[in-house]
Amino acid sequence: MADLHMRTIEALALAIEAKDQTTHDHLQRVRVYAVEVAKELKVDQEGMEALQAAALLHDIGKLAIPEHIISKPGRLTPEEFEKMKIHPLVGAEILERVRFPYPVVPIVRAHHEKFDGTGYPMGLKGTQIPIGARILAAVDFLDALASDRQYRRALPLNEAMARLVDESGKSFDPQVVRVLERKYVELERLVHQRTDNLGKQRLSTDVKEQDSSVEPSIKPAAGFETQGKRQGPERSFLGSIAAARQEAQTLFELSQDLGASLSLGETLSVFAVKLRRAMPYDAIAIYVRHGDELVPEYVNGDNFRLFASLRIPMGQGLSGWVAQNLKPILNGNPSVEPGYLNDASKYSTLNSALAVPLEGLKCVVGVVALYHAEKDFFTSDHLRILLAVSSKMALAIENAMKYEQAESSAVTDFLTGLPNARSLFMQLDRELARCKRDNKTLTVMVADLDGFKQINDRFGHLEGNRVLRLFANFLKETSREYDYVARMGGDEFVVIAPGLTAEAAARKAEQMRELAQKAGQDVCNEAILSLSVGKSVYPEDGMDAEKMLSEADKRMYLQKQSQAGQKNRRLYPRVRGRLTTEISGGGQSLATLGIVTNLSLGGCYIETSGILLPGSPLKLTFSHEHTTLAIDSEVVRMDMGIGAALKFSEANHEVRASLQRILEQLASLEAVVDLKRSHKAAAATKM
């Protein structure tokens, strides 16, 4: 019967080994070592039987640990280590049901206690720890260091033994360590004989070379991070095992589903539904970072309207703090979110929050926050699960946002934010199909800015871009909410207006002209811009998008031709004159004088005997008839002993206006001089 009992225990031990595949013969090796050390320490027969069973069954509690934690190749997080620490208690619970005739349960429960009292789960010290547990802890440590694990390479046996000696009196019983130090070579030989007889492969020997690039940990729980607060099992051992299976399945499904869609809304919805299977919550909010704010992209559950209205600045409130500091918060207060309860009429039943940052490849992309009505509801287990999926969640959000941005860029004009030509054709096709079904009319208006080239030439392309953005905003603000406003390209805009009458279309065209003039006046401070508008009406002018746009475009150009010269009217020419100017900068300590002989909006020529090196920055100061101007410039060309050609730098609106006035004044004088010359020439001809 005793042999049958032991064979049953060995079979169960093999099942445990299949769960934790760190070594193939770890349990058998530990049993051989433990029994031989127990003999040296004169352990009685009952204790010897208990130790043999415990050596094989001490890790049975790992049935309650999720596989992704057991087989993790890197260091465990504090939350994962807290989960790992329940396995001695779960193992003891399981083995209590067996009712062994010898004390197996106390050994299994205490096999991670330390001699100085810093172990777990109960913090026992010295001889409070059963002798079997003290033997098992030391032997388990020695074999763990001498075996390959996911998180490090094995040490040679003599070095592993040296590490064990270093921990004598701290983690391990000194008398157990002395026995192992004296007999470990002999015991290793005995292990080889017995495991070879079983046809098993030897995994640790005394001739292993140390990998110089690896520095293994000296702790029994090698590879685990610093231990956090102790946490006992919150359910029966059967519940723990079932929960571990459910958790593993949920995490697997989440990993599969998060990469299945590029839609941000769908991704967040699937995540929320799957997560509820792993942990309960009364409400969930997933905030996505937009600039310096967290915006709720997905909310569900109790008080979801309160969360949906939030805009949380980075660093403020619970979620803002989590995003800025990249640290989770466990059982925080939901009401501290900025704006959450700033209305006295609002009331929330939620009392605890679990918030975790979602870290992308370069920065935080958002925060996932779970809320519950019960105070201090969330546990470190909940935090551990959420942290396990947060990186995959962040990556899924980043990918979905990039896809949305790319999709938006494909149909949106970057400069004005209006739909582009591609989007315009798709929308016009949809509108025409709807009009055909409902027998409705549709007006298409094509508009082109007259005088826009002059703005670019005189004021620069940056100011031209300002005009386009301003006109686009005016056009969008004054259109009906169901009108469709798009930028066709360049300075051409299109308005799709369903059901617009002929009279209303005429008023709309006049309004658009006024908006164009206002945009030009606001940016350039002069009436420089006008608008040509052509329209077509469905079904009279065409039945498809291409025909409608073509007809409206043709009529727009007919109107433009009736305003000949308006769009491309003559620019102010280069004006000749003689203006005394003060020249400063260019490395000169004192200002010098020169004569401006040729002036335009873009630059001038200065007669001077000074040396003005090409590329030198200068400031010119000159005046004419009550208008004084100081303008930055750069030397383009120098004619030694004669003068230099300069180009003007980008200037503000006031400087350009002053320059414009001086040019107009000089042009008037030049016209008078030309007129006098022509009169003199005519008089000389008559004589």
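We use all heavy atoms of the structure for the numbers below, so side chains are in, but hydrogens, waters and symmetry mates are not.
- For Y281 and H382, the ring centers sit 6.0 Å or farther from each other.
- One finds the CD1 atom of I329 at 13.0 Å from the CZ atom of F378 (value rounded to the nearest 0.5 Å).
- Here the closest heavy-atom approach between residue L386 and residue M279 is recorded as N-CE, 4.0 Å.
- Considering all non-hydrogen atoms of both residues, I129 and K114 come closest at CD1-O, 3.4 Å.
- Under the 30°/60° scheme for interplanar angles, the aromatic rings of H87 and H112 are found to stand perpendicular.
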Exercise. Test side-chain hydrogen bond (donor to acceptor under 3.5 Å, both in side chains) on S335 and N333 and set out the steps.
Key: CA-CA 6 Å; S335 65; N333 182 3; 2.9 Å; yes
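- Residues E188 and Y33 bring a donor and an acceptor atom of their side chains to less than 3.5 Å of each other.
- Annotation: cation-pi pair K375/F377 absent, no NZ/CZ under 6.0 Å from the ring centroid and within 45° of its normal.
- Aromatic ring pairs are classed by plane angle as parallel below 30°, tilted from 30° to 60° and perpendicular above 60°; the pair H111 and H58 is perpendicular.
- In plain terms, the two heavy atoms of V322 and V356 that are nearest each other are CG1-C, 3.8 Å.
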Quiz item: Stepwise, does the side chain to side chain contact (heavy atoms under 4.5 Å, CB included) test hold for N331 with L354?
Solution: CA-CA 6 Å; N331 291 319; L354 170 59; over 6 Å; no
Quiz item: Between R109 and M122, is a side chain to side chain contact (heavy atoms under 4.5 Å, CB included) present by the stated rule, with each step listed?
Solution: CA-CA 9 Å; R109 184 185 292 116; M122 295 174 293; 3.4 Å; yes
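- In this structure, the side chain of E80 engages the main chain of T77 through a donor-acceptor pair within 3.5 Å.
- Applying the salt bridge (Lys or Arg N to Asp or Glu O under 4.0 Å) rule to E36 yields the partners K39, R194; only residues at least two apart in sequence or on another chain are considered.
- Nearest heavy-atom pair, A138 versus V176, reported as atom, atom and distance to 0.1 Å: CB-CG1, 3.7 Å.
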